[in-house]
Protein chains: 4
Amino acid sequence: MPGSRRTAVEGEQRRAQIVDAAQHAIATAGFEGLRVRDVAAQVGINIATLHYYFPTKEALVAAVVQRIVRTLDRVPLNDPVHDPRRMLIEHIQHILGRFAADRNLFVVLNEIYARADRDAELHAVLLSNDHAWADYLRTIFAAGRDAGQFRADLDPDGATVLVIGFLKSLLAQLDLTVERGRLAADEIVRAVTAP
Amino acid sequence: MPGSRRTAVEGEQRRAQIVDAAQHAIATAGFEGLRVRDVAAQVGINIATLHYYFPTKEALVAAVVQRIVRTLDRVPLNDPVHDPRRMLIEHIQHILGRFAADRNLFVVLNEIYARADRDAELHAVLLSNDHAWADYLRTIFAAGRDAGQFRADLDPDGATVLVIGFLKSLLAQLDLTVERGRLAADEIVRAVTAP
Amino acid sequence: MPGSRRTAVEGEQRRAQIVDAAQHAIATAGFEGLRVRDVAAQVGINIATLHYYFPTKEALVAAVVQRIVRTLDRVPLNDPVHDPRRMLIEHIQHILGRFAADRNLFVVLNEIYARADRDAELHAVLLSNDHAWADYLRTIFAAGRDAGQFRADLDPDGATVLVIGFLKSLLAQLDLTVERGRLAADEIVRAVTAP
Amino acid sequence: MPGSRRTAVEGEQRRAQIVDAAQHAIATAGFEGLRVRDVAAQVGINIATLHYYFPTKEALVAAVVQRIVRTLDRVPLNDPVHDPRRMLIEHIQHILGRFAADRNLFVVLNEIYARADRDAELHAVLLSNDHAWADYLRTIFAAGRDAGQFRADLDPDGATVLVIGFLKSLLAQLDLTVERGRLAADEIVRAVTAP
DNA sequence: CATGAATGAGTCTTCATTCAT
DNA sequence: TATGAATGAAGACTCATTCAT
């Protein structure tokens with residue numbers, strides 16, 4: 001079948017276009033305001049065509065969620081034990097940087113977490129991701145404490161919950177500027193550093 | 001005006017019933033899944049009756065939001081300067097307690113914050129509330145630092161962002177138990193306490 | 001029952017108020033846009049109170065129609081045979097005068113005629129009125145022709161249809177000023193007058 | 001674009017079907033009684049399909065009005081100066097003929113004129129049409145008078161208002177038969193003809 | 001007489017989805 | 001692959017009317 005590969009590639013591109021548009025739509029109007037018609041119009045295709053690629057709205061939403069979760073996976077989790085304090089700083093700054101660069105991603109993320117509360121499957125996916133994230137931070141904190149970089153009475157579990165909480169709340173902190181975000185990040189570092 | 005007082009009271013009760021049901025519906029299905037019909041059914045009244053009290057769905061949602069925001073206002077903000085460390089602990093525990101007692105409130109709150117991103121009016125209301133909250137915490141941190149209870153290098157602003165972030169993220173931390181919440185709270189206190 | 005008469009009078013006044021408001025509403029928004037709620041609000045009473053006076057919307061509309069038809073009855077139909085030409089002029093001018101003075105009445109009248117097309121009862125009432133009107137004009141034309149005031153070849157029946165048509169169309173002639181109305185009236189008179 | 005022409009034609013046909021049905025419904029029940037559901041049922045399509053062609057009820061009404069106005073445009077306005085008297089007769093008879101042939105058109109027209117009183121846009125459209133109509137008649141009357149066919153003291157403007165009024169009132173004259181209409185038409189002609 | 005509250009029966013409109021071509 | 005057309009199921013909202021007080 002000559003050309004079949006090119007077609008397949010084009011198909012993937014189209015799917016990606018649609019997911020892009022859907023994600024943008026969710027960021028703009030929330031899941032509440034997501035309309036497959038609008039997504040199709042944004043891409044410049046017919047609704048029926050969209051349904052050819054994504055049979056149901058749910059499938060489209062799932063594709064958006066999936067892609068975002070995959071993105072999260074790619075959050076750099078460098079070797080935490082070498083220089084824990086540095087790793088912590090880099091990790092926080094990396095996420096703050098992403099927040100500044102692509103706020104839309106966080107808007108959708110927020111919607112996704114809200115939805116997880118009533119969507120068991122989504123809950124499971126996010127939970128699994130969060131576990132990996134928490135493990136990473138916990139390792140950093142434990143290693144840093146054991147190496148004397150962090151306070152001796154630091155509780156890795158508590159600190160992990162605290163830091164993840166802060167990072168997850170970026171969007172809900174309505175007046176959070178990049179600077180105030182860095183202030184908080186600095187405070188975290190000082191707060192965990194051994195005196 | 002025969003019976004006007006009793007009638008007025010009953011009217012208010014009915015309104016409250018409707019708002020209750022609506023809040024519950026939002027907690028269950030999100031703004032996305034809110035159906036005035038279901039709310040009316042929950043209260044046991046006709047849809048037209050619901051519209052008698054709240055002309056539009058938007059008005060009903062506004063009433064729910066308004067009531068929740070009013071609830072937030074009542075978060076006890078005790079005198080922060082007397083014993084800052086104790087005030088901080090009490091404040092955090094109060095909110096953790098509410099979270100444990102009425103998780104639904106936080107679910108709706110989460111929805112509300114998500115919505116604020118595309119609703120300027122809502123944004124303004126929440127922002128004003130958040131400002132008051134931040135001011136309170138900032139005062140605690142500054143007072144505690146100046147009194148020597150807290151670390152000398154503590155940045156009140158950064159710490160405030162951090163704590164509010166943690167408290168706001170309670171819901172997004174999918175596997176957060178009450179215990180792990182307390183662990184994080186304890187860590188906060190240790191982290192700010194002077195060595 | 002002392003005071004019963006005064007009460008009855010007040011009741012009639014209230015009914016009249018309601019009919020007034022209803023007629024005004026019809027003139028403003030047409031039968032299409034008539035809302036009993038609005039009428040009640042206009043009068044300053046509760047809808048239930050309005051329904052006390054007029055059990056159904058249809059009854060209210062009937063009252064409006066009845067009053068207007070009664071008004072039409074009072075169109076002066078002077079003795080047509082004494083000076084037919086003068087009678088014709090006066091009749092036309094009387095109606096043009098009313099049109100100038102109370103355009104709303106004609107707006108409602110127009111609605112009523114449109115409605116008569118699908119309301120047999122209304123049709124009968126209006127038809128009876130129109131017959132009396134046509135008879136009056138026909139008598140004028142016949143008398144004027146026989147007396148030599150009008151053209152010898154004047155057909156009373158045709159002229160009657162023509163004049164009534166013109167008068168009925170006042171409202172449908174969108175750009176009809178008082179002056180142009182008088183021009184047409186003058187033309188009628190010249191057209192029927194014997195050369 | 002496979003089948004695009006056939007599809008486009010079919011689409012237009014469907015639109016026409018819907019407008020037909022809507023016009024019929026208005027003629028039957030007035031604007032007051034127009035129900036999109038009934039129109040769809042008449043055509044034999046789903047309500048949603050009707051909304052596919054006409055997004056709102058208002059758009060459907062506009063289409064009906066537009067088509068009728070377009071129809072009016074096509075009223076033959078022959079060269080008025082050659083034989084004005086004949087032109088006048090033909091014009092009047094043409095309209096009387098249409099009235100006899102398609103009374104429904106006039107019923108709707110009546111509704112439309114009533115509505116124009118509270119719809120500025122509609123008012124403008126009808127007014128523009130009426131102006132063209134009046135110009136045509138005025139030219140006929142002026143030419144006929146100057147050519148000696150019509151009375152020397154004929155006022156073209158007054159006569160125009162009169163004739164248009166008569167023609168517009170066809171519907172409001174409840175007991176108007178075709179014959180009585182012709183009587184009036186004949187009377188018009190006699191009334192303007194030079195003695 | 002008057003009213004606040006309640007309701008049944010609509011009315012328009014929306015939206016995800018399907019299907020023939 | 002792509003589309004115009006079609007639809008079922010639901011959605012918010014309206015309105016005349018009723019009833020207990």
Side-chain angles (χ1 to χ4, degrees), chain A residues 7-8 10-11 14 33-40 43-61, chain B residues 1-4 6-8 10-11 13-15 33-40 43-60, chain C residues 7-8 10-11 14 33-40 43-61, chain D residues 1-4 6-8 10-11 13-15 33-40 43-60:
Chain A
T7 303
E10 280 176 353
R14 183 118 290 185
L34 178 63
R35 300 286 176 268
V36 290
R37 237 188 181 83
D38 296 348
V39 173
V43 179
I45 59 175
N46 188 283
I47 316 170
T49 304
L50 186 149
H51 270 91
Y52 172 81
Y53 289 97
F54 299 94
T56 68
K57 184 185 187 179
E58 208 51 45
L60 175 57
V61 168
Chain B
M1 281 178 279
S4 78
R6 207 183 95 213
T7 303
E10 280 175 356
Q13 282 180 337
R14 183 118 287 185
R15 289 178 70 88
L34 179 62
R35 300 286 176 267
V36 291
R37 179 178 303 184
D38 297 345
V39 174
V43 179
I45 58 176
N46 188 285
I47 304 180
T49 303
L50 188 149
H51 274 96
Y52 175 77
Y53 288 95
F54 299 95
T56 67
K57 184 184 185 177
E58 207 52 44
L60 175 57
Chain C
T7 303
E10 280 176 354
R14 183 120 287 186
L34 179 62
R35 301 287 176 266
V36 290
R37 237 188 180 83
D38 297 347
V39 173
V43 179
I45 59 175
N46 188 283
I47 317 169
T49 305
L50 187 149
H51 271 90
Y52 172 79
Y53 289 98
F54 298 95
T56 68
K57 184 184 189 179
E58 209 50 46
L60 175 57
V61 168
Chain D
M1 282 177 276
S4 77
R6 206 183 95 213
T7 303
E10 281 174 355
Q13 283 180 335
R14 182 117 288 185
R15 289 180 69 89
L34 179 62
R35 300 287 175 264
V36 291
R37 179 179 302 184
D38 296 345
V39 173
V43 179
I45 59 176
N46 187 286
I47 303 180
T49 304
L50 187 148
H51 274 94
Y52 175 77
Y53 288 96
F54 299 95
T56 67
K57 183 184 187 179
E58 206 52 43
L60 175 57

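Below, read A as the first sequence line, B as the second, and so on, with proteins coming before strands; counting in each chain starts at 1.
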Review point. Is any side-chain N or O of A:Tyr52 closer than 4.0 Å to OP1 or OP2 of F:dA2?
Key: no

Check your understanding: Distance check: side-chain N/O of B:Arg14 vs OP1/OP2 of E:dG4, anything under 4.0 Å?
Key -> no

**Study point:** Contact pattern, 5' to 3', of nucleotides 8-13 of chain E - B, S or - by protein heavy atom under 4.0 Å
**Key:** B--BSB

Review point. What is the distance from CD1 of B:Ile45 to C1' of E:dT7, rounded to the nearest Å?
Key: 11 Å

With a 3.5 Å cut-off and sequence neighbours excluded, list the donor-acceptor pairs that the side chains of residues 43-51 of chain D form with protein atoms.
residue: D:Asn46; atom: OD1; partner: D:Ala48; partner atom: N; Å: 2.7
residue: D:His51; atom: ND1; partner: D:Ile47; partner atom: O; Å: 3.3

**Study point:** Separation of atom CG in A:Leu50 from atom P in E:dT18, rounded to whole Å
**Key:** 13 Å

Please table the atom pairs, donor to acceptor, closer than 3.5 Å between any side-chain atom in residues 53-60 of chain A and protein atoms at least two apart or in another chain.
residue: A:Thr56; atom: OG1; partner: A:Glu58; partner atom: N; Å: 3.4
residue: A:Thr56; atom: OG1; partner: A:Ala59; partner atom: N; Å: 3.0
residue: A:Lys57; atom: NZ; partner: A:Leu34; partner atom: O; Å: 3.0
residue: A:Glu58; atom: OE2; partner: A:Arg115; partner atom: NH1; Å: 3.4

Study note, to complete from the structure: Per-residue pairing states of DNA chain F in dot-bracket (Watson-Crick or G-U under 3.5 Å; . unpaired, | other strand) read .||||||||||||||||||||

Check your understanding: Hey, what do you get for CZ (D:Arg14) to OH (D:Tyr52), rounding to the nearest 0.5 Å?
Key -> 11.5 Å

Practice item. Starting from P on E:dG4, measure out to CD on B:Gln13 and report it in whole angstrom. Key: 18 Å

Check your understanding: Can you tell me how far P in E:dC1 sits from the matching atom in F:dT21, rounded to whole Å?
Key -> 22 Å

